[in-house]
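Read through the structure below, which is laid out as structure tokens, and then see the notes.
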Amino acid sequence: MERVDDQDRGLGVAVPRRQAIREGWLHRVAVTVCRDECGRMLVHRRSEQLSRFPGFYEVMVGGAVGVGESYEQAAARELAEELGIRVLPRLLFTFLNRGGLSPHWLGVHEAVLPDAVVADPGEIAWYGRLTEPELRSALLEWRFTPDSHEAFGRYLAFRAAQS
């Protein structure tokens, strides 16, 4: 992954994600809020074997943006890797997220998923599709990653501003 500055400009320096987190270096992460045709959102529980937030729930699918990769390319790659689907997610907004393990730029996308997905068991232990009211309730009751709370709140505000 590439280190970036506080304006989300690449510094041309490739670094391992673990080191970026340990040192608090800014980097990019691409995530996608996945909806179905009925508007239900995909929620998943992270595998217990993952090093970051094992067993936590997430509202988004995503991961680190590679060197020379756009947010959109990274989001599409992560959807293919984690859910076995090929869709082009739409970038909605980016923001400097200071929650979680270390600060990072978060590119939030949206995609409509097909009914059939093939979740990678090394990444995803369980997934389901929840309506917005069900998801709001789950966010209060289940153990979600810090990124999920922050990004989903901003996602809802973005959607409300678009209507």
Side-chain angles (χ1 to χ4, degrees), residues 1-6 8-35 41-87 89 91-111 113 116-130 135-155:
M1 66 196 294
E2 182 178 16
R3 281 185 66 183
V4 297
D5 66 13
D6 60 358
D8 197 14
R9 293 180 298 236
L11 300 176
V13 178
V15 296
R17 185 165 190 189
R18 185 169 299 199
Q19 184 178 12
I21 290 169
R22 185 177 60 244
E23 302 293 336
W25 294 335
L26 290 176
H27 55 282
R28 294 179 180 133
V29 175
V31 297
T32 303
V33 175
C34 301
R35 304 172 67 87
M41 287 168 262
L42 184 115
V43 174
H44 70 276
R45 186 169 43 82
R46 295 170 58 84
S47 170
E48 292 292 341
Q49 63 204 32
L50 293 173
S51 62
R52 292 177 299 280
F53 302 109
F56 278 60
Y57 289 88
E58 284 196 290
V59 176
M60 305 151 302
V61 173
V65 177
V67 176
E69 195 175 37
S70 70
Y71 281 109
E72 293 92 340
Q73 290 167 330
R77 175 181 47 77
E78 291 289 338
L79 288 171
E81 290 173 4
E82 295 185 24
L83 296 177
I85 59 167
R86 302 244 181 251
V87 299
L91 178 63
L92 303 178
F93 58 89
T94 63
F95 71 97
L96 182 54
N97 185 11
R98 298 196 180 276
L101 297 176
S102 71
H104 55 277
W105 281 94
L106 198 61
V108 179
H109 301 75
E110 182 178 56
L113 298 186
V117 300
V118 181
D120 174 359
E123 297 274 343
I124 297 174
W126 169 90
Y127 73 91
R129 297 170 196 256
L130 303 179
L135 180 51
R136 286 178 186 269
S137 177
L139 281 162
L140 298 173
E141 298 170 16
W142 302 353
R143 204 171 49 150
F144 278 84
T145 63
D147 283 359
S148 287
H149 287 281
E150 178 73 18
F152 189 64
R154 287 177 183 254
Y155 169 76

Less than 4.5 Å apart, any side-chain heavy atom of Val29 and any of Asn97?
no
Can you list the residues that meet the ring-ring contact (aromatic ring centres under 6.0 Å, His included) rule with His104, with sequence neighbours excluded?
His27
So do Arg98 and Pro103 actually touch side chain to side chain, heavy atoms under 4.5 Å?
yes
Is a side-chain N or O of Trp25 found less than 3.5 angstrom from the main chain of Glu2, in a donor-acceptor match?
no
Test item: Gln73 side-chain N/O and Ser70 main-chain N/O as donor-acceptor pair under 3.5 Å
yes
Charged tip of Arg154 within 45° of Phe95 ring normal and under 6.0 Å:
yes
Are any of the side-chain heavy atoms of Glu150 and Val108 separated by less than 4.5 Å?
no
Above 12 or not: heavy atoms from other molecules or residues under 6.0 Å from CZ of Arg18?
no
Could you pull out the closest heavy-atom pair between Asp120 and Glu81, with the gap in Å?
CB-O, 3.6 Å
Here the pair of heavy atoms bringing Trp126 nearest to Gly128 is CH2-N, 3.6 Å
Are any side-chain N or O atoms of Thr32 and backbone N or O atoms of His109, one a donor and one an acceptor, separated by less than 3.5 Å?
no
So Leu26 and Leu11, do their side chains get closer than 4.5 Å, heavy atoms only?
no
For Gly24 and Ser102, the nearest pair of non-hydrogen atoms, with its separation, is CA-CB, 4.3 Å
Over all heavy atoms of both residues, which pair between Tyr71 and Leu106 is shortest? Give the atoms and the distance, please.
CE2-C, 4.3 Å
dist Tyr155:OH -> Phe93:CZ (nearest 0.5 Å) comes out at 9.0 Å
Find out whether Ser148 and Met60 are in side-chain contact, i.e. whether some heavy atom of one side chain is under 4.5 Å from a heavy atom of the other.
yes
From Asp8 CG over to Arg28 CZ, what is the distance, rounded to the nearest 0.5 angstrom?
4.5 Å
Taking side chain as C-beta onward, heavy atoms only, is Asp147 less than 4.5 Å from Val31?
no
Where Arg86 and Ala80 come nearest, the two heavy atoms and their spacing:
NH1-CB, 3.1 Å
For Ala75 and Ala30, which heavy atoms make the closest approach, and how far apart are they?
N-CB, 3.8 Å
Show me the pairs that pass side chain to side chain donor-acceptor pair (under 3.5 Å) and involve residues 48-69, at least two apart or across chains.
His44-Glu58, Arg46-Glu58, Glu69-Arg77
